[in-house]
Every structure is written in C-alpha cells, then in structure tokens.
Amino acid sequence: MSFLALFVSLPTKAATGRMRVWRALKSQGCATLRDGVYLLPDAPEHAAALYTIATEAQEVGGSGDVYRLSGSDDPQEAGLRALFDRSDDYASIIEDARALRAGVQTLDGVSLVRQMQALQRRFEQVVKIDFFAGEAQRQVLAQLDALRDVVQRRLSPDEPTTIFVAIPRLRCADYRARIWATRARPWVDRLASAWLIKHHIDPQAEIKWLSSITACHPDWLGFDFDGATFSHVGTKVTFEVLLASFGLDEDADLLRLGELVHCLDVGGLPNAEAPGVEAMLMGLRASELDDDALLAQASKVFDWLMQYYREKRCE
C-alpha cells in the first residue's frame, strides 16, 4: 500500500504555530518517519488533513509539502506499517480497566459510570487512528466488555445473564395480539425491543412493565430478563435476538439499528450515532416517569433513525 508523507518545517520562534501543528498531527494519528516527516495511510480524507496542516505551517512562516510514498519491498512496507502500532495506547487502557475492575466494589455508582465512560472514550479515540487493527484492539475490546458486565452487575443486579443456545426461527403470525412483558424503567435494549415488537412483530402487542420479574404471568412473552422468552444469547442483546428469531436480520437498516443498540447496551466497537442517541434517550428517561409515555417518545427516535439509515443507504 502507499502512504502520504508530510514534510514540514517550522521556525523556532513560532511556538504557538508549532503547538497547533503538533496537535493536529497527533489528532490525525500521524506516524513519525523522522523529524519533520509524518505519515498517514493514503486516503482522500488523510490527504485533505495533511494539506490543511501544511497550509497552517506555511501561514506561520514555515513550509509544508505532501508526497506519496510506499515501501520498496515487503520488509520496508512492514516497517512503515509498524510505525502506526498502537499497542502502548491499548496497554494503558487495559491497565486502567483492570484497576477499575479491582475497585468495582469500593466505588460509588456515579464514579463507576464516569470511569467506564472515560475508558470507552479513550478506546474509541485509539480505534479512530488504529489504521491496522489487530489482536491488541480485540484484547482491549474483550477486556472492556468483561469490565462492563462487572459494572452492570454491580449497578443493576437484575440485568439479564447471557446464555449460549441456538436461536430458533419463528413466525410473526404465531406471536400476534399477545402481552409482552419486560422490566420497568426501560433503557435502550428494552425500549428498542418494545419498538421492534410493536412495529415489526406484533402490531397489536400490549407491553407490560414489571416492577419485579416474578410478576410476569406464565402466558406473557417476557423479554430482556433472566428466564424470559427472549433475552441475551451469546454476543447478541435482546433486540438482536428478536431480529434473528423472526427473520428480521435480513433488513440492513434494522441490523444497523441493532449495532447501535448493542453499543449502547453492552458496549463494543464505536458507533457514530451512539453519543447523540444516548444523550437523547437519557433526557427522555429523566423527563418521562411513565414507561408507556417513555416508549412513545423513544419510538420516535427509532423511527427517525430508520429514516436516516434508509436515506444514507440510498445516497
């Protein structure tokens, strides 16, 4: 593959300009070939970023030029790729994740959530500039997923436990005009699952919000709690299990919504829409004390997302 190389020189007196250029190089994930020469994989967005940095260097009395280069043989190519190694960044995140896990029982809920979110943001920032992802990224993802499970158990003991079973394919026609039940004060997986049930599985569904899972009647269809008809299976959250169960996993837009729900519910790879949707749903949850009203408002968010996904797919 080829790389873009920025050759940049800055006057020693331009301290502010030097700092601005250095921060821009760091934020883009540039690798240092040698002093004054910085690399990015060859891509249109990277070219635009490097030309912008070159212009900034010129504006403070320095110079900046962008060239394209590639390794002359396989070892040199591997050497260039190695300059982008993010192992140290990932190792730092793993170390802090282990420390947080060790202190889970001693920290209050607010501190746990803040530190977990901070680790997730750090991970997302590294992933953004990890152009040659490998085992290190997968290890950190596994560590964060495991930590998130521990934190959720500490904060929400009634969250469903993952089981590992085959997901049977079901017919929507056999699940019409039923009562569906889940835990009260729903968060993203329960809200999205209830939306999916009413919009794609059982349009006549009645949703019951349980103050205790023991209140679920035997002939109700429970979802997203231990012992429910539909809950977490393997790596899938309840929304994804419902998609797979009723053959809705062939819909590209629903699958994309499933990735968002997965990210917000149990974490995983970064999702571009996740921060904004999370903020919106948190605001709704805080303002709507009635769960039916909360679902009605959240359903609008999911409808908007589906429209957005359709339009993006048709561009």
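Treat the numbers as computed from the prediction; the structure is a model and nothing was measured.
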side-chain contact (heavy atoms from CB on, under 4.5 Å) between W187 and R285, intermediate numbers included: CA-CA 8 Å; W187 179 232; R285 197 169 187 264; 3.8 Å; yes
Audit row: I201, R176, side-chain contact (heavy atoms from CB on, under 4.5 Å) steps and yes/no: CA-CA 7 Å; I201 299 172; R176 294 286 167 82; 5.9 Å; no
Worked verdict on R86 versus Q137 for side chain to side chain donor-acceptor pair (under 3.5 Å): CA-CA 9 Å; R86 309 297 180 194; Q137 184 183 118; over 6 Å; no
side-chain contact (heavy atoms from CB on, under 4.5 Å) between F223 and T229, worked out: CA-CA 6 Å; F223 63 96; T229 308; over 6 Å; no
Worked verdict on L4 versus Y67 for side-chain contact (heavy atoms from CB on, under 4.5 Å): CA-CA 6 Å; L4 298 170; Y67 298 91; over 6 Å; no
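One side chain, R310 or Q307, offers a donor N or O that lies under 3.5 Å from an acceptor on the other. With hydrogens and angles left out, the side-chain atoms of Q143 and Q139 include no donor and acceptor closer than 3.5 Å. A donor atom on one side chain and an acceptor atom on the other are found under 3.5 Å apart for S92 and R122. Side-chain N/O atoms of W180 and D202 include a donor and acceptor closer than 3.5 Å. A donor-acceptor pair shorter than 3.5 Å can be found between the side chains of H232 and D224.
Separation of atoms NE2 (H217) and CD1 (I179) is listed at 8.5 Å; rounding is to 0.5 Å. With values rounded to the nearest 0.5 angstrom, L39 atom CG is found 13.0 Å from R81 atom CZ. Atoms CG and CZ, on D130 and F132 in that order, are 9.0 Å from each other to the nearest 0.5 Å. For the atom pair CG of L221 and CD1 of I197, the computed distance is 8.0 Å after rounding to the nearest 0.5 Å. A distance of 8.5 Å separates CD1 of I213 from CG of L210, quoted to the nearest 0.5 Å. Here CE of M116 is found 14.5 Å from OG of S111. Values are rounded to the nearest 0.5 Å.
Listed for the E240 side chain is a donor-acceptor partner under 3.5 Å among the backbone atoms of V237. Under a 3.5 Å cut-off, the side chain of D189 and the backbone N or O of D265 do not form any donor-acceptor pair. For the pair K198 (side chain) and A205 (backbone), a donor-acceptor distance under 3.5 Å is present. Side-chain atoms of E288 never come within 3.5 Å of backbone atoms of Q297 as a donor-acceptor pair (strictly under, hydrogens ignored). No donor-acceptor pair under 3.5 Å is formed between the side chain of S231 and the backbone N or O of A228. Formation of a donor-acceptor pair under 3.5 Å by the Q58 side chain with backbone atoms of G64 is found in this model.
Using a 4.0 Å cut-off between charged side-chain N and carboxylate O, K300 and D303 make no salt bridge. With respect to K208 and E206, a salt bridge is recorded, a charged nitrogen being found less than 4.0 Å from a carboxylate O. A salt bridge does not link R256 to E259: none of the charged side-chain nitrogens sits closer than 4.0 Å to a carboxylate oxygen. Taking 4.0 Å as the cut-off between side-chain N and carboxylate O, R169 and D249 count as a salt-bridged pair.
At least one side-chain heavy atom of L112 sits less than 4.5 Å from a side-chain heavy atom of V104. Inter-residue side-chain proximity for Y38 and I53 is flagged as unmet; no heavy-atom pair is nearer than 4.5 Å. Residues R190 and F239 form no side-chain contact, since every pair of their non-hydrogen atoms from C-beta on lies 4.5 Å or further apart. At a threshold of 4.5 Å between non-hydrogen side-chain atoms, the residues L80 and L69 count as touching. Considering only heavy atoms from C-beta on, W195 comes within 4.5 Å of H200 through its side chain. Looking at Y90 and R138, their side chains never come closer than 4.5 Å, going by heavy atoms from C-beta outward. Side-chain contact between E273 and Y309 is present, with at least one heavy-atom pair separated by less than 4.5 Å. Counting heavy atoms from C-beta on, the side chains of T238 and F225 never come closer than 4.5 Å.
Classification of the F246-F230 ring pair by plane angle, with boundaries at 30° and 60°, yields tilted.
V8 and A57 make their closest contact through CG2-CB, 3.5 Å (heavy atoms, listed as atom of the first residue, atom of the second, distance). In terms of heavy-atom proximity, L242 sits nearest to S193 at CD1-CB, 3.7 Å. The minimum heavy-atom distance between P41 and H46, with the atom names listed, is O-ND1, 2.8 Å. Taking both residues in full, the closest heavy atoms of A97 and L119 are given as CA-CD1, 3.8 Å, listed atom of the first, atom of the second, then distance. When all heavy atoms of A192 and V261 are compared, the pair lying nearest together is CB-CG2, 3.6 Å. Pairing each heavy atom of V60 with each of G17, the nearest pair is CG1-CA, 4.0 Å.
Heavy-atom neighbours of E250 CD from other residues, nucleotides or ligands within 6.0 Å: at or below the threshold of 12. When the shell of 6.0 Å around OH of Y51 is examined, it contains 12 or fewer heavy atoms from other residues, nucleotides or ligands. Heavy atoms from other residues, nucleotides or ligands lying under 6.0 Å from CE of M282 number 12 at most. Summarising the local packing, CD of E124 is surrounded by more than 12 heavy atoms from other residues, nucleotides or ligands at distances under 6.0 Å. The number of heavy-atom neighbours closer than 6.0 Å to CG of D73, taken from other residues, nucleotides and ligands shown, is above 12. For CG of D35, the number of neighbouring non-hydrogen atoms (other residues, nucleotides, ligands) closer than 6.0 Å is 12 at most.
Taken together through direct or relayed side-chain contacts under 4.5 Å among Ile, Leu, Val, Met, Phe, Trp and Tyr, V126 and L40 form parts of separate hydrophobic clusters. Both M306 and L243 are members of a single hydrophobic cluster when ILVMFWY side chains are connected at heavy-atom separations under 4.5 Å. If you chain together hydrophobic residues whose side chains sit under 4.5 Å apart, L50 and F7 fall into the same group. A chain of hydrophobic side-chain contacts below 4.5 Å, direct or via other Ile, Leu, Val, Met, Phe, Trp or Tyr residues, connects V301 to L196. Transitive grouping of hydrophobic side chains (ILVMFWY, heavy atoms separated by less than 4.5 Å) keeps L10 and M19 in distinct clusters.
Legend: residues meeting side chain to side chain donor-acceptor pair (under 3.5 Å) with D89, ordered by chain and number and at least two apart, are absent. Shown here are the side chain to side chain donor-acceptor pair (under 3.5 Å) partners of R68, two or more places apart in sequence or in another chain: D42.
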